There are 2 protein chains.
Amino acid sequence: MNHPKPRTRIQQKNTEAILEAALDVFSQYGFRGSTLDQIAQAAELSKPNLLYYFPSKEAIHATLLAGLLDTWLDPLRAMDPTGEPVEEILAYVRRKLEMSRDFPRESRLFANEILQGAPRIKDALEGELKNLVDEKSVLIARWSAEGRIITVNPHHLIFSIWSLTQHYADFDVQVHAVLGEDSEAPFAEAERYLVTLFTRLLTP
Amino acid sequence: MNHPKPRTRIQQKNTEAILEAALDVFSQYGFRGSTLDQIAQAAELSKPNLLYYFPSKEAIHATLLAGLLDTWLDPLRAMDPTGEPVEEILAYVRRKLEMSRDFPRESRLFANEILQGAPRIKDALEGELKNLVDEKSVLIARWSAEGRIITVNPHHLIFSIWSLTQHYADFDVQVHAVLGEDSEAPFAEAERYLVTLFTRLLTP
DNA sequence: GTCTATATTAAGATAGAC
DNA sequence: GTCTATCTTAATATAGAC
């Protein structure tokens, strides 16, 4: 096999170094804006060596994206039908905000892909993603019908959680530019603001 | 002058065609992901002719960005200190949402630039943008102090308006993928949802 | 002002030695 | 497995005729 799955320790290490470097580069410059030279340098490997581990630039990018959607949806999957509705939704908001804080590169990789028309993950958006969102929307609608939260459009509620939390990763430069040097930790402030927002929105 | 400001009708027309085509292409593929070939084809001009009107690819992109920030901030500027607070903020939300609906390409051009670290407009973000946001934050804080809206972090309130409204332009593909074929007009639904959200958040 | 032809560089990918 | 050297293509930009 020309481009093996990692078996030895050294293969494991190099494959990981490449993916780590590629995440850095792709998340900042997008697919077309990134070069193998940049990735090779960041991974401290030669360009041909990169292409020993992956058949192409596309393949590196695809590998990164493949794992991403699943991880990205975990917090939504964790929303518990048997829990207390407002608390469940707030917990989802908190987990998403933590992901923006702890995995901003992944968020930007995803944002770059969507922004450019999602050429590589459109199928997953229309399949896996839509299915999960539809399922959780039914749950949210039920909570509304039971009078445990107010009645809102469940899909747009979910969109709002995504946009509000991912903003702090994707538009990070703008957030810092506006808040300036003297800003307190943006994420702590953001959490307080978002908890207020969703509590007041949802509580009947 | 080698690269004239448009004077004749034909120059005017071609310059506009180029900028229009460039907005199409840059907003979809980002700066590095776009090629002069694509822009030339979209503008129905030859590539050398493009470079008769603009000295470089950079210059076309810069021209688009230059006008953008100003237009982008107009709705916030229009927030009236003498108006009724909740109504003023809702009006701002509506104007921003209309811009996402009517000028999605501009929104994505901006998003692409910020996402990639804002290399070309960082100064404007830290100057013009920060100043305006700081000014309006003082106004919002005063409204809170007067008990006319609840107390929230004004900067994060503004961030939330940006993220919630721009999401419908920038992540348009995802919104459509999730809502599916049968979706009602997303923007009409979004407006209802956002009015509910900000009314319930802000009303004391 | 517009075009054809072309110079120049950068980038993805491969060959082949070690 | 890793490297140097190189092939090939595509992209920005220019020269120069019309």
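Every chain is numbered from 1, with letters handed out A, B, ... down the list of sequences. Predicted model only: the values in this text are computed from it and were never measured.
- One can place CG of A:Asn49 at 16 Å from P of C:dG12, the figure rounded to the nearest angstrom.
- Counting to the nearest Å, the P atom of D:dA10 and the NZ atom of A:Lys57 are 14 Å from each other.
- Annotation: A:Gln41, atom CD; neighbour count of heavy atoms from other residues, nucleotides and ligands within 6.0 Å does not exceed 12.
- Smallest separation of non-hydrogen atoms from B:Asp80 and B:Trp143: O-CZ2, 3.6 Å.
- Applying the 6.0 Å contact sphere to CZ of A:Phe187 captures more than 12 heavy atoms from other residues, nucleotides or ligands.
- For D:dT2, one of the phosphate oxygens OP1 or OP2 lies less than 4.0 angstrom from a side-chain nitrogen or oxygen of A:Asn14.
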query: Can B:Glu20 and B:Lys13 be said to form a salt bridge (Lys or Arg N to Asp or Glu O under 4.0 Å), step by step?
result: CA-CA 10 Å; B:Glu20 174 69 17; B:Lys13 190 172 137 292; over 6 Å; no
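- Using a 30° and 60° split on the angle between ring planes, B:His155 and B:Phe159 fall in the tilted class, from 30° to 60°.
- Checking D:dT2, C:dT2, D:dA15 against the side-chain heavy atoms of B:Ile10 singles out C:dT2 as nearest.
- Other residues, nucleotides and ligands contribute only 12 or fewer heavy atoms inside 6.0 Å of the NZ atom of A:Lys122.
- Donor-acceptor pairing under 3.5 Å is recorded for the side chains of B:Asn14 and B:Tyr53.
- Protein atom CD1 of B:Ile60 is 12 Å distant from nucleotide atom C1' of D:dA13, rounded to whole Å.
- One atom, CG of A:Leu50, and another, P of D:dC3, lie 11 Å apart when rounded to the nearest Å.
- Taking only side-chain nitrogens and oxygens, A:Tyr53 comes nearer than 4.0 Å to OP1 or OP2 of D:dT2.
- Proximity note for B:Pro48 (side chain, C-beta onward) versus C:dT4, C:dA13, D:dA5: the nearest is C:dT4.
- The distance between atom CZ of B:Phe31 and atom P of D:dA11, rounded to the nearest whole Å, is 14 Å.
- Proximity of residues 32-47 of chain A to DNA chain D (heavy atom under 4.0 angstrom from any strand atom) is restricted to A:Arg32, A:Ser46.
- At whole-Å resolution of the value, CD1 in A:Ile18 and C1' in D:dT2 are 12 Å apart.
- Atoms OH (B:Tyr52) and P (C:dT4) sit 18 Å apart, rounded to a whole Å.
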